[in-house]
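Okay, structure first, notes after.
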There are 2 protein chains.
Amino acid sequence: MLTIGNLAKMTGTKVQTIRYYEQIGLMPEPGRTEGGQRRYTDTELDRLSFIRHSRQLGFSLDAIRELLDLSDHPDRPCREADGIARRQLKQVERRMARLEALRAELQRMVHECSGGSTADCRVLEVLRDHSECLTDHEEIGA
Amino acid sequence: MLTIGNLAKMTGTKVQTIRYYEQIGLMPEPGRTEGGQRRYTDTELDRLSFIRHSRQLGFSLDAIRELLDLSDHPDRPCREADGIARRQLKQVERRMARLEALRAELQRMVHECSGGSTADCRVLEVLRDHSECLTDHEEIGA
DNA sequence: TTTGAACCTCCAGTGGCTAGAGCATGTATC
DNA sequence: GATACATGCTCTAGCCACTGGAGGTTCAAA
C-alpha cells in the first residue's frame, strides 16, 4: 500500500497533481485509512505512470482519457489509439514548423543588433515594423 | 480616431484582448467619447502592433512590457533588448529540441502499430512502459 | 426617428496545474 | 503512553493569456 507521497515520488508527480487528477476523474478514488488518508495499489501506480508518460509526450488530459479508456478495453480495435497518436504527431510537427520560423526570425534580429543605443536597435525595430519580417507567423501561442 | 473595433481589425486582435491589455496596464487608457466609448490614435495603433508582433514571436507579456519600456527610452543601451531576444531565442531552441524528441517517439509508436486490437497496440504499450522509450523527455509541457 | 451594429462593464471559464492556510493523521522514538 | 514532526487532509485562490457571455448603452446611417 502506497501513500500519496510515495506514489508521487515513484512517478515524478506532485502530490497536489495526483489529487487534481482524482478530482477531474482521471484517477479513481483510492482506498482510505481509518483516518482518511489515501492508500494506493499497483493498479493505480500503473495508471498514473501511463498518464505521466502520456503527458510527457504532450497528450492533453482529454486525449489521455481516451487512451486510458481504450487501454481498458483490449478487444476494441487499435485504430482509435493509433488515430490519437497520429493527431498528436501532426500537432507536434505543426508546432515544430512554427518554432523553426520563429527561431529564424529571432536569430536574424539578434545577429543584426550592433549593440548601440535602443534608438537604433534592430531588435526593437523589427518588433515595431512587421514588414521587416521574412515569415508570416500569424497565429499566436501554440 | 479609431474605434476599438477598427483597431482590433487593423492589428488582428480581438476587442476583448485590447481591453484586457488596458486592464493589465500594457495599453494606456485611451480617450473616450462623451458616451464613454474608447477612441484610439496612431500612437496606440503602433503600440498594439508592437505588442502583437512580439506575441507572435512568442514573447511573454512581461517580456513585452520590458521591451516597450526600452523602446520608450531611445537613449538606453540596446544590450537589454538584445538580452531579452536572446533569452527568447534560447527558449525557442530548447522547445524545438524537446519537440524533436517527442516527434521521434510518436513516429516510432505510430509506425510500429500493426492495426490489430488494442490488446497488442504498440501505442498503448509504449505509453504503459516508459522503459521502451529511446529518449528521456522528462519535463512536461513547455 | 428608428434601426441595428458596435460599444460598454462585469463576471466566469479555459488547461493543467501549483501554492498556501489551517488543521488532522501516522509513525518513530523515548 | 507521550511527544515530535513529517506527511496527510480539505478548501480556496492564483498562474498565463486570453475568450465568451449576459445585460445594457451609444453611435451612425437611412
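Atom set for the values below is all heavy atoms of this structure, side chains included, hydrogens, waters and symmetry mates excluded. Proteins come first, then strands; the chains are lettered A, B, ... in the order of their sequence lines, and each starts at number 1.
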Could you state the [atom1]-[atom2] distance from [X] to [N], rounded to the nearest angstrom?
X: B:Ile18; N: C:dA6; atom1: CD1; atom2: C1'; value: 13 Å
X: A:Ile51; N: C:dG15; atom1: CD1; atom2: P; value: 16 Å
X: B:Leu7; N: C:dC8; atom1: CG; atom2: P; value: 11 Å
X: A:Leu2; N: C:dG26; atom1: CG; atom2: C1'; value: 16 Å
X: A:Glu22; N: C:dC17; atom1: CD; atom2: P; value: 15 Å

Checklist entry - Residues in ring pair (Phe, Tyr, Trp, His ring centres under 6.0 Å) with A:His73, at least two apart? => result none
Checklist entry - Do the non-hydrogen side-chain atoms of B:Arg76 and A:Ser117 ever get within less than 4.5 Å of each other? => result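 Heavy-atom side-chain distance check fails, nothing below 4.5 Å.
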Item to check | Min side-chain heavy-atom separation B:Leu2-B:Thr41 under 4.5 Å | outcome: no
Checklist entry - Any chance the side chains of A:Gln23 and A:Arg19 put a donor and an acceptor closer than 3.5 Å? => result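 Looking only at side-chain atoms, A:Arg19 and A:Gln23 do not form any donor-acceptor pair under 3.5 Å.
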Checklist entry - Strictly by modelled atom types, are A:Arg39 and A:Gln37 linked by a side-chain donor-acceptor pair under 3.5 Å? => result yes
Next on the checklist: Checking B:Arg52 now: which residues fulfil salt bridge (charged side-chain N to carboxylate O under 4.0 Å, His left out) with it, not counting sequence neighbours?
Outcome noted: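 Expected list: none.
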Next on the checklist: Students often get this wrong, so: under 4.0 angstrom with heavy atoms, is B:Ile4 touching a base, only sugar-phosphate, or nothing?
Outcome noted: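 Since only primed, P, OP1 and OP2 atoms lie under 4.0 Å of B:Ile4, the category is sugar-phosphate.
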Next on the checklist: With a 4.0 Å cutoff (strictly under), does any side-chain N or O of A:Arg38 reach OP1 or OP2 of D:dC9?
Outcome noted: yes
Checklist entry - How does each nucleotide of nucleotides 11-30 of chain D score, in 5' to 3' order, for protein heavy atoms under 4.0 Å: base (B), sugar-phosphate only (S), or none (-)? => result ------BBBB-----BS---
